[in-house]
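Everything on this sheet refers to the single structure shown next.
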Amino acid sequence: MTPISSAARSAALKEGLKAGWPICLGYLPIGMAFGVLAQKAGLSPLQIGLMSIMVFAGSAQFIAVSMLAGGAAAPAIITTTFVVNLRHVLMSSALAVYLRTAHRGLLALYAYGVTDESFAVNLPRFNARTWSLSRALVVNHAANLTWFISTVAGGIGGRFIPEGAFGIDYALIAMFICLLIYQIRKRIHLLTALIAGLTAVGLALMIPGNTYIVIASIAAATVGVIIQRKVMRSNPKND
């Protein structure tokens, strides 16, 4: 592996932070909201910090805390969060195309920090061939550090905030809506999002638990790819 010069490291750090600061800014209120909810569920700041380090998955952490507060058993919590996080298989598959030659140690470090937000920031830049693993690592782990600090801060300050105040319960949903809007660049993206949303709502009425999220994501992505290929074959200039 070719050594990276100090100038290249400095450039990667600067560009990575420039790309990742919106994630960090968004993680501050979301992380604090999670910390407050976790504190209300009975977790200590130390436990909240450990969860943020070992799990580092906002939706899974919110779900786990909600299930803990509801008295769910550990196997149920583990199974549910595992299923919800299966979407990372889809994200990793999309990213793997650009990281085939990466060092396995750096690849493992990068994989640890992949979230919906970092994926949304890094993938378009990889697609444009203007990005590198070192820059993507900065994005991932700047977000990771911000998430850890904000969740612990929320856990410490949670006892001073009334339960349900400031719309805290809606924080994660709002974040995902923003991410969706920023990723819609073509009509096919909008169509895929609509298919995923309608499928998820329909399945949620029939299937217990959270498996409908993964099923709807896979179904919508598959339909989207099929439609896009047919459109490109009939008219390559069409989006």
Side-chain angles (χ1 to χ4, degrees), residues 23 26-27 30-96 104-105 107-120 140-141 143-156 158 163-164 168-176 179 196-197 199-221:
I23 300 177
Y27 273 5
I30 303 286
M32 293 187 72
F34 167 75
V36 172
L37 293 175
Q39 189 274 332
K40 301 300 181 188
L43 273 65
S44 68
L46 176 60
Q47 291 170 325
I48 293 170
L50 288 173
M51 179 184 278
S52 293
I53 291 174
M54 293 188 289
V55 179
F56 186 39
S59 56
Q61 288 180 242
F62 272 91
I63 290 169
V65 164
S66 176
M67 294 181 73
L68 280 171
I77 296 173
I78 294 170
T79 302
T80 302
T81 53
F82 173 77
V83 171
V84 169
N85 280 337
L86 280 176
R87 70 188 187 283
H88 284 257
V89 175
L90 302 176
M91 292 190 290
S92 298
S93 299
L95 291 166
R104 289 193 176 185
L107 197 57
L109 187 63
Y110 176 71
Y112 163 76
V114 172
T115 62
D116 300 275
E117 298 79 27
S118 65
F119 174 80
N140 285 18
H141 294 289
N144 188 354
L145 180 61
T146 304
W147 178 256
F148 170 77
I149 293 172
S150 60
T151 56
V152 173
I156 294 172
E163 191 167 354
I168 286 174
D169 294 342
Y170 187 70
L172 188 69
I173 298 172
M175 181 182 68
F176 277 117
L179 284 173
T199 304
V201 171
L203 291 176
L205 299 174
M206 299 183 289
I207 301 176
N210 296 289
T211 54
Y212 67 87
I213 297 173
V214 178
I215 297 172
S217 299
I218 295 173

Quiz item: Y112 vs F56 aromatic rings, parallel, tilted or perpendicular, using cut-offs 30° and 60°?
Solution: tilted
Self-check item: Intermediate values then yes/no, side chain to side chain contact (heavy atoms under 4.5 Å, CB included), L68 and I77
Solution: CA-CA 8 Å; L68 280 171; I77 296 173; 3.6 Å; yes
Quiz item: Residues in side chain to side chain donor-acceptor pair (under 3.5 Å) with T146, at least two apart?
Solution: none
Practice problem: Check the pair Q39 / V36 against side chain to side chain contact (heavy atoms under 4.5 Å, CB included), numbers first and verdict last. | Solution: CA-CA 5 Å; Q39 189 274 332; V36 172; 5.6 Å; no
Quiz item: Does the N140 side chain pair with the main chain of Y110, one donor and one acceptor, at a distance under 3.5 Å?
Solution: yes
Self-check item: For the student: nearest non-hydrogen atoms of A41 and V65, plus distance
Solution: CB-CG1, 3.7 Å
Quiz item: Can you check whether I215 reaches I207 side chain to side chain, under 4.5 Å on heavy atoms?
Solution: yes
Quiz item: By side chain to side chain contact (heavy atoms under 4.5 Å, CB included), which residues pair with H88, not counting sequence neighbours?
Solution: N85, M91, V114
Self-check item: Shortest non-hydrogen contact from A196 toward A216
Solution: O-CB, 3.7 Å
Practice problem: Under the side chain to side chain contact (heavy atoms under 4.5 Å, CB included) rule, collect the residues that match up with I78, sequence neighbours excluded. | Solution: none
Practice problem: List in chain and number order the residues that pass side chain to side chain donor-acceptor pair (under 3.5 Å) with Q61, two or more places apart in sequence or in another chain; answer none if no residue qualifies. | Solution: S52, W147
Quiz item: For the side chain of T151 and the backbone of G35, is there at least one donor-acceptor N/O pair under 3.5 Å apart?
Solution: no
Quiz item: Where do V152 and I48 come nearest, in terms of heavy atoms and distance?
Solution: N-CG2, 4.3 Å
Practice problem: Identify, with sequence neighbours excluded, every residue that meets side chain to side chain contact (heavy atoms under 4.5 Å, CB included) alongside I149. | Solution: L145
Exercise. State, yes or no, whether a side-chain contact exists between L90 and F119 at a heavy-atom distance under 4.5 Å.
Key: no
Quiz item: Do F62 and I30 come close enough that some side-chain heavy atom pair is under 4.5 Å?
Solution: yes
Exercise. Tell me, please, which residues at least two apart from S44 pass side chain to side chain contact (heavy atoms under 4.5 Å, CB included).
Key: L46, Q47
Quiz item: If you take all heavy atoms of S118 and G113, which pair is closest and at what distance?
Solution: OG-O, 3.4 Å
